[in-house]
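Single-structure report; data block below.
Numbers restart at 1 for each chain; the letters A, B, ... are given by sequence-line order, proteins then strands. Remember, it's a predicted structure, so these values are computed and weren't measured experimentally.
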Amino acid sequence: MAKKYWLFKSEPGAFSIDDLKESPGKKTFWDGVRNYQARNFIRDEMKKSDGVLFYHSNADPLAVVGYCEIVKEGYPDHTQFEKGHIHFDPKAKKENPPWFMVDIKFIDKFKNPVTLQAMKENKKLKNMRLLQRGNRLSVMPVTKEEFEEVLKMGK
DNA sequence: GCCAACGTTGGC
DNA sequence: GCCAACGTTGGC
């Protein structure tokens with residue numbers, strides 16, 4: 001199957017591209033997605049070696065700051081069962097867990113963060129899901145063309 | 001099954 | 001801090 005491309009949002013105060021880079025093996029599990037649409041992408045569509053743009057939200061600058069890849073495909077998010085954890089879900093059942101996560105691995109940090117503003121000003125990116133009104137998904141698909149364009153802008 | 005109330009996200 | 005967008009919840 002053809003490689004797919006994604007964009008993950010993260011608030012750098014919670015988890016930044018540098019946090020990922022400094023994680024053991026430059027890898028982390030992407031926990032805490034609690035939206036069904038995003039869950040479906042994680043559980044059903046993300047495949048090993050898919051490309052992931054890493055975006056900083058609620059940050060300065062607002063920008064794609066680097067990229068990474070999927071290294072482990074969808075599996076149950078353990079934090080949904082951890083009482084007291086910020087992502088604990090009292091309704092989650094072990095037999096049929098509703099929430100999933102993937103593992104991602106750092107590839108590169110951009111020399112030039114690709115700001116939200118710059119993406120808005122790039123005609124090639126006008127259909128990018130991130131730029132559509134009211135989009136609040138924390139993980140979302142991007143096309144191959146969009147992915148490559150953002151990488152080019154970041155160099 | 002409708003819909004108002006409420007909570008969250010995230011840019012500004 | 002404001003507010004638009006939109007998902008979720010719960011009464012009916």
Side-chain angles (χ1 to χ4, degrees), chain A residues 4-23 28-46 50-70 73-104 106-143 145-154:
Chain A
K4 290 198 175 85
Y5 299 89
W6 309 94
L7 181 143
F8 284 17
K9 287 183 197 167
S10 187
E11 300 197 11
F15 193 84
S16 71
I17 186 93
D18 292 319
D19 292 330
L20 176 61
K21 191 179 177 180
E22 285 154 23
S23 296
T28 193
F29 52 85
W30 202 257
D31 67 315
V33 172
R34 296 290 181 271
N35 167 286
Y36 286 103
Q37 215 182 334
R39 185 282 310 271
N40 291 345
F41 290 138
I42 289 176
R43 187 189 58 184
D44 305 333
E45 297 200 42
M46 289 182 190
D50 280 1
V52 177
L53 297 174
F54 197 105
Y55 176 78
H56 279 174
S57 66
N58 274 322
D60 188 18
L62 291 166
V64 176
V65 290
Y67 70 110
C68 34
E69 66 175 341
I70 308 277
E73 296 175 9
Y75 61 107
D77 178 345
H78 55 83
T79 65
Q80 68 192 302
F81 305 120
E82 291 169 20
K83 217 168 187 171
H85 194 283
I86 189 169
H87 295 133
F88 176 64
D89 180 352
K91 287 183 288 190
K93 303 248 187 337
K94 287 229 161 135
E95 316 83 73
N96 187 21
W99 307 120
F100 283 69
M101 58 187 180
V102 292
D103 289 358
I104 57 172
F106 175 88
I107 297 178
D108 205 6
K109 184 175 167 178
F110 290 157
K111 282 201 185 70
N112 308 301
V114 180
T115 63
L116 184 61
Q117 196 55 41
M119 289 189 280
K120 282 179 177 170
E121 286 166 3
N122 186 330
K123 285 203 179 78
K124 289 182 190 167
L125 301 177
K126 70 174 191 305
N127 294 321
M128 220 179 157
R129 201 144 168 173
L130 178 72
L131 307 181
Q132 307 309 311
R133 207 176 159 79
N135 196 333
R136 299 186 311 162
L137 279 180
S138 59
V139 311
M140 67 184 83
V142 297
T143 66
E145 291 72 25
E146 289 162 352
F147 184 86
E148 287 169 356
E149 181 65 17
V150 172
L151 251 55
K152 205 197 291 176
M153 292 166 77

Across all chains, not counting sequence neighbours, the side-chain contact (heavy atoms from CB on, under 4.5 Å) partners of A:E145 are A:T143
For A:N35 and B:dG10, what is the distance between atoms CG and P respectively, to the nearest whole Å?
-> 10 Å
Within residues 116-138 of chain A or reaching into it, pairs that qualify as salt bridge (Lys or Arg N to Asp or Glu O under 4.0 Å) - sequence neighbours excluded = A:K124-A:E149
A:L62 CG to B:dC12 P: how many Å, rounded?
-> 7 Å
Atom pairs, N/O to N/O, protein against nucleotides 4-9 of chain B, distance under 3.5 Å?
from  : atom 1 : to     : atom 2 : distance (Å)
B:dT8 : O2     : A:R136 : NH1    : 2.4

Tabulate below the donor-acceptor pairs under 3.5 Å that side-chain atoms of residues 54-66 of chain A make, not counting sequence neighbours, or state none.
from  : atom 1 : to    : atom 2 : distance (Å)
A:H56 : NE2    : A:I17 : N      : 3.2
A:N58 : ND2    : A:E11 : OE2    : 2.9

Could you list all the side-chain hydrogen bond (donor to acceptor under 3.5 Å, both in side chains) pairs where at least one residue sits in residues 90-99 of chain A, not counting sequence neighbours?
-> A:D89-A:W99
Could you give the side-chain donor-acceptor pairs of residues 106-113 of chain A under 3.5 Å, partners two or more places apart or in another chain?
from   : atom 1 : to     : atom 2 : distance (Å)
A:K109 : NZ     : A:D18  : OD1    : 2.9
A:K109 : NZ     : A:D18  : OD2    : 3.4
A:N112 : ND2    : A:K155 : O      : 2.7

